[in-house]
Amino acid sequence: MNTLEINGLRKEYVDHYTGETIPAIGEVTFSIGEGEFVSVLGPSGCGKTTVLNIVAGFIDHTAGDVLVHGRSVHGPGPDRGVVFQSHALFPWKTVLGNVTFGLRMKGVPRAQRDVAAADILELVGLSGFERKYPHELSGGMQQRLGLARVLVNEPEVMLMDEPFASIDAQTRRKLQQDLTEIFEKRRPTVFFVTHDIDEAVFLSDRVVVLSHRPSTVAEIIDIELPRPRIWRETVEDPRFREYTHHIEERLGGGEPDAQAG
Amino acid sequence: MTTMTPPAAPTRTPVRVPLWRRFGTALLAHPAVRTLGPFVPFLLIWWAVAAAGTVNAAFIAGPVEVWQSFTELVRKGMMPSYLGDSLERLAYGVGFGLLIGLPLGFVVALSSWARRLTWPLLLFFQAIADIAWLPILIVWFGFSLTSVTFVIVYTVVFPLMLGIVAGVDQVPRELVNAARSLGAGRLRVFFEVIVPGSLPAVASGVRTGLGYGWRALIAAEIIVGTSGIGFMMFDARRAGEVSQVFLGMIVLGVLWYALDALILAPFERATVERWGLVRQMEAAR
Ligand SMILES: Nc1ncnc2c1ncn2[C@@H]1O[C@H](COP(=O)(O)OP(=O)(O)OP(=O)(O)O)[C@@H](O)[C@H]1O
Ligand SMILES: [Mg+2]
């Protein structure tokens with residue numbers, strides 16, 4: 001059974017002022033297997049965030065099914081952990097308070113929470129920052145915390161919506177590398193949204209390319225690059241460029257900001 | 001605040017700065033001077049006007065007379081007892097005001113139908129000045145503590161509720177979503193996200209409410225009063241004791257200033273800083 005299954009998903013927004021319906025997602029079908037890293041790529045405004053928000057349970061869909069391990073999704077839940085582009089950390093909680101939030105909601109005893117938190121903070125490279133508040137961290141560190149907060153909760157699927165988009169290019173590279181290593185170590189199931197083609201190819205096992213709005217799945221590409229992946233070596237692989245060129249063509253030359261890095 | 005004090009003069013141009021200015025700079029940096037300094041010229045002018053004798057003594061009392069009547073009233077025990085009465089009423093009013101306003105505010109803020117239902121009522125009742133209730137309150141409750149408390153509760157509740165609604169509205173949707181996908185149910189979302197997220201606005205609502213409540217109290221005491229600072233002032237007017245009227249005004253100012261500067265403002269600032277508005281504040285700097 002697939003971890004996440006999206007079948008014939010459709011979404012129409014209703015404009016608050018004019019009352020007209022705007023089709024955002026035409027028909028999207030794809031699935032993500034256990035321990036698989038899948039990126040969704042597409043032109044700006046094609047509905048990537050909409051798909052992710054539906055899976056997260058933040059918004060309703062118009063038609064189709066979203067199944068997590070065969071269960072249909074209703075509202076947000078801890079089985080689907082979300083890493084937000086804007087981090088969405090609790091500013092009044094320390095790093096430790098943020099990381100242990102999910103475990104606290106589950107009723108995990110304190111001693112156990114602290115052990116798990118120490119473990120995960122080590123993994124994302126935030127050891128020693130337990131007592132700091134989010135605003136005392138850099139943007140990159142804040143997103144590491146956002147990642148740690150979800151990882152420690154061991155969701156069935158992790159949802160990440162352009163998590164590195166608001167982070168400077170250099171830090172972004174480092175975060176992409178670290179995310180790959182974390183993924184290779186822990187093998188969570190990941191649904192990753194981006195419009196950076198290099199990022200999608202480097203991180204993913206599969207890339208789902210969406211068409212313009214109302215979006216449909218234009219193509220699903222298996223990325224057969226060996227793991228463990230190391231940025232410098234992986235981009236040297238001729239297949240890496242083949243994949244990115246192919247996707248660029250698929251996207252109609254690609255967007256200017258998709259070429260970054 | 002600290003950025004407004006000029007850097008210590010000697011380190012910059014030690015030779016040219018005259019001694020008096022160096023002294024002045026050091027003096028201005030002292031918090032007591034900064035707080036009380038502006039009152040010095042005010043006191044001097046007041047004293048000069050009173051001492052010049054151009055204004056009839058029935059209309060104005062100088063600082064010296066006011067001080068004398070202060071010490072006299074303290075000695076007789078009237079000042080402490082009136083002050084105690086006023087503060088007790090304020091405490092009752094604010095206590096009940098918070099007890100009513102906090103839960104009501106959150107209900108209106110969180111439930112869309114409660115908001116639709118009560119919003120016009122809120123705006124309507126907020127528009128009736130607190131004092132305008134006094135005639136009917138006196139009919140209902142007589143010249144009693146209940147009437148005064150009612151007025152204060154009334155003045156505290158509305159700014160508090162409006163503050164809570166504004167505060168809840170400004171909690172980022174994304175934080176609620178984050179909490180829910182980390183497994184928080186409705187109740188946990190409320191206590192873990194909505195309450196802390198809206199606390200800065202609630203704190204400033206409490207502060208505004210208290211300020212209004214304090215003013216309403218004095219007005220109510222003047223009308224209803226059988227004791228209290230407001231009563232003291234009005235009673236002194238009847239007896240022609242201008243110095244006590246002046247004294248009452250000063251006590252009101254000093255008391256509120258102390259309450260606000262020592263408790264309310266720091267509390268509000270602390271919540272704003274801790275509760276993550278720091279980033280915006282830093283960006284604005
Ligand atoms: N709440 C809404 N009401 C109406 N229309 C909306 C709403 N949210 C999104 N849309 C529209 O739906 C379409 C898809 O939006 P979405 O945010 O999912 O795109 P996206 O692929 O994530 O874009 P980007 O790459 O810029 O993040 C857009 O055309 C957008 O204007
Ligand atoms: Mg988006």
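A, B, ... follow the sequence lines: proteins, then strands. Residue 1 opens every chain. Here the structure is a predicted model, which means the values were calculated and not measured.
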From [X] [atom1] over to [Y] [atom2], what is the distance, rounded to the nearest 0.5 angstrom?
X: B:N177; Y: A:F84; atom1: CG; atom2: CZ; answer: 5.5 Å
X: A:F58; Y: B:E174; atom1: CZ; atom2: CD; answer: 8.0 Å
X: B:L182; Y: A:R80; atom1: CG; atom2: CZ; answer: 12.0 Å

Closest-packed option against chain A by number of heavy-atom pairs under 4.5 Å, given B:G183, B:S181, B:A184, B:A179: B:S181
Segment of B:R180 engaging chain A (4.5 angstrom heavy-atom cut-off): both
- request: Under 4.5 Å heavy-atom distance to chain A, tell me which part of B:V176 shows up: side chain, backbone, both or neither.
  value: neither
For [X], does the [atom1] atom have more than 12 heavy-atom neighbours from other residues, nucleotides or ligands under 6.0 Å away?
X: A:E122; atom1: CD; result: no
X: B:R215; atom1: CZ; result: no
X: A:D60; atom1: CG; result: no
X: A:E154; atom1: CD; result: no
X: B:F190; atom1: CZ; result: yes
X: A:Y13; atom1: OH; result: yes
X: A:Q170; atom1: CD; result: no

message: Test your reading of the model: is there a side-chain donor-acceptor pair from A:W92 to the backbone of B:V193, 3.5 Å cut-off?
response: no
statement: Of all heavy-atom pairs linking A:L89 and B:L175, the shortest is O-CD2, 3.2 Å
task: For each of A:P155, A:A88, A:G102, A:A56, tally heavy-atom pairs with chain B at distances under 4.5 Å, and name the one with the top tally.
output: A:A88
